[in-house]
**Q** 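Please find one structure pasted underneath; my questions will follow.
The chains referred to below are lettered A, B, ... by the order of the sequence lines, with proteins before strands, and numbering in each begins at 1. Hydrogens, waters and symmetry mates play no part in the numbers below; they use all other heavy atoms, side chains included.
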Amino acid sequence: MPELPEVEVTRRRIAPLLVGRRIARVQTTAPSYFYLTPPDRLKSELAGRQVRALERRGKYLLAELDDGRRLLLHLGMTGQLYSSRATSVRLLSASRRASLSPEEQLVCEPDEHTHLELIFEDGEPTVRFRDVRKFGKVLLLEPGHSDPRLDRLGTDALDASGDALFAACRKRKIAIKSLLLDQKVFAGVGNIYADEALFLAGIRPRRSAQRVTLRECAAIADALRRVLERSIETGGSSIQDFIGPDGHDGHYQDERCVYARTGLPCRRCAEPVKKIIIGQRSSHYCARCQR
DNA sequence: ATCTGTCCCTGGACGC
DNA sequence: TGCGTCCAGGGACAGA
């Protein structure tokens, strides 16, 4: 699932394919939950616009257009933003893949899950947004307008500090893991990196936020910045659907310590990694290394 | 104000 | 082989 590192890797690699190019036309699928701005409006409003810049806010991408409008994108759970030149088996469902020859698998044409395709005046490559589960979002912001989704975001998680975390933990009874997932605290943290940071800091995910000390908050914030930066360096985590805009997998999944390693030995002490549910989300930790 | 539960969606894993 | 069931989960929202 795309979290801060995956979104940042996407931003860095897709920006050269967007910035400075003028959109000729836009392809979409039918209206759905996915579109906060109806597809017909995207088609009419985006045609002729030039992309000026691409920035990231937490897990959101924000494309600045030459008329002052901004296109807000969220990759949700299964969103893939990529070049039409990219090829990856992750762009094909298993059943589809099984029916294709190895050569045919290298042709990744838009399918029913490709909800947005930006076609540029200068031709190839196009930029596509594919999202199987449609938890992603597309929203066109009017000039000078923002959106509560953006306004609510806290400090970017790459700038997480122990003091800020400690302040956010005051009088909060919820699990520290749930607090880390709250985008109002640190924007960009998701399930993978919350679990990994808590492991590195030696804190159990279920511990009540108000019972985490200032020193421990500093350790969590440090660990969070370290895992996020390291994941960006390695191209993000390709555990399920994430691919880079060029179709390449990330590699941070090879370095993770606890996330989705249920029953496997802890990398530090060999104790089997445990899995529990916190706030309807799976959480992974080592009962010996985390207190 | 804070917290919990529900919902949106689809494909892959698993059991019979 | 094929079908049914469960699970993954970011974030908005409703209700306690």
Side-chain angles (χ1 to χ4, degrees), chain A residues 1-8 10 29-37 56-62 72-81 88-100 111-116 129-139 146-154 156-157 167-196 205-211 228 236-243 253 256 258-263 275-284:
Chain A
M1 63 229 70
E3 305 180 22
L4 187 153
E6 292 75 32
V7 178
E8 178 61 18
T10 298
T29 52
S32 73
Y33 182 79
F34 177 83
Y35 299 100
L36 295 174
T37 298
R56 181 187 60 75
R57 304 261 188 99
K59 300 177 199 173
Y60 289 92
L61 286 173
L62 206 47
L72 184 65
L73 305 173
H74 194 292
L75 300 181
M77 282 286 300
T78 52
Q80 301 166 318
L81 190 65
S88 169
V89 292
R90 292 186 200 273
L91 290 168
L92 306 166
S93 68
S95 56
R96 183 98 185 274
R97 208 182 306 165
S99 69
L100 298 174
D111 61 10
E112 72 270 30
H113 304 302
T114 310
H115 302 298
L116 191 69
F129 187 172
R130 182 174 183 269
D131 185 4
V132 169
R133 285 182 212 169
K134 291 192 224 175
F135 280 12
K137 293 280 171 283
V138 181
L139 173 64
S146 187
D147 185 88
R149 290 170 178 79
L150 285 178
D151 300 337
R152 276 195 290 261
L153 295 178
D156 196 82
C169 284
R170 292 312 83 209
K171 296 182 183 170
R172 298 297 300 273
K173 294 188 200 301
I174 56 169
I176 183 65
K177 162 74 182 284
S178 298
L179 188 117
L180 287 178
L181 291 179
D182 183 348
Q183 302 299 295
K184 294 191 289 297
V185 179
F186 294 136
V189 184
N191 215 22
I192 299 175
Y193 301 102
D195 279 3
E196 293 299 315
R206 196 123 68 178
R207 173 116 61 100
S208 175
Q210 62 189 350
R211 297 191 183 278
L228 296 174
S237 297
S238 291
I239 294 178
Q240 286 149 10
D241 306 276
F242 176 73
I243 53 164
Q253 67 276 11
R256 73 191 194 276
V258 286
Y259 180 81
R261 293 192 70 242
T262 313
K275 174 177 157 181
I276 56 175
I277 303 295
I278 302 174
Q280 285 74 246
R281 301 284 184 267
S282 60
S283 299
H284 312 79

**Q** Would you mind reading off the distance between A:D131 atom CG and B:dC8 atom P, rounded to a whole angstrom?
**A**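 My rounded result for the distance is 16 Å.
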**Q** Under the criteria of a ring-centre distance below 5.5 Å and an interplanar angle below 30°, is A:F135 stacked with the base of C:dG10?
**A** yes
**Q** For the rings on A:Y193 and A:F186, is their centre-to-centre separation under 6.0 Å?
**A** no
**Q** What is the distance from CG of A:D151 to P of C:dG11, rounded to the nearest Å?
**A**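 About 15 Å, once rounded to whole Å.
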**Q** May I have the distance from A:F186 (atom CZ) to C:dG10 (atom P), rounded to whole angstrom?
**A**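 Whole-Å distance recorded here is 18 Å.
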**Q** Taking only N/O atoms, report every protein-nucleotides 12-16 of chain C pair under 3.5 Å with atom names and distance.
**A**
residue: C:dA12; atom: OP2; partner: A:R152; partner atom: NH2; Å: 3.4

**Q** Identify each donor-acceptor pair in which a side-chain atom of residues 169-176 of chain A lies under 3.5 Å from a protein atom, sequence neighbours left out, and give them as a table.
**A**
residue: A:R170; atom: NE; partner: A:F166; partner atom: O; Å: 3.1

**Q** Starting at CZ of A:R133 and ending at C1' of C:dG10, how long is that distance when rounded to a whole Å?
**A** 11 Å
**Q** Restricting to non-hydrogen atoms, name the atom on A:K137 and the atom on A:Y33 that form the minimum distance, rounded to 0.1 Å.
**A**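 Taking A:K137 first and A:Y33 second, the nearest heavy atoms are NZ-CE2, 3.5 Å.
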**Q** Could you tell me which non-hydrogen atom of A:H115 sits nearest to which non-hydrogen atom of A:T29, and how far apart they are?
**A**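 Smallest heavy-atom distance, with atoms named: ND1-OG1, 2.7 Å.
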**Q** Between A:R172 (CZ) and B:dT4 (P), how many Å, whole number?
**A**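 Atom-to-atom, A:R172 to B:dT4, this comes out as 10 Å.
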**Q** Less than 4.0 angstrom from a charged side-chain N to a carboxylate O is my criterion; do A:R256 and A:E196 meet it?
**A** no
**Q** With a non-hydrogen cut-off below 4.0 angstrom, is A:S178 in contact with a base, only sugar-phosphate, or nothing?
**A**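 Since no nucleic acid heavy atom lies under 4.0 Å of A:S178, the category is nothing.
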**Q** Nearest-Å distance, OH (A:Y35) to P (B:dC8)?
**A**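 Checked: the OH to P distance equals 19 Å.
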**Q** Grab the CZ-C1' distance between A:R57 and C:dG11 for me, whole Å please.
**A**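 It is 18 Å, rounded to the nearest whole Å.
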**Q** If every non-hydrogen atom of A:D131 is compared with every non-hydrogen atom of A:G79, which pair is closest and at what distance?
**A**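 That closest heavy-atom pairing would be OD1-N, 3.6 Å.
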**Q** In whole Å, I'd like the distance from the CZ atom of A:R130 to the C1' atom of B:dG11.
**A**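 My rounded result for the distance is 11 Å.
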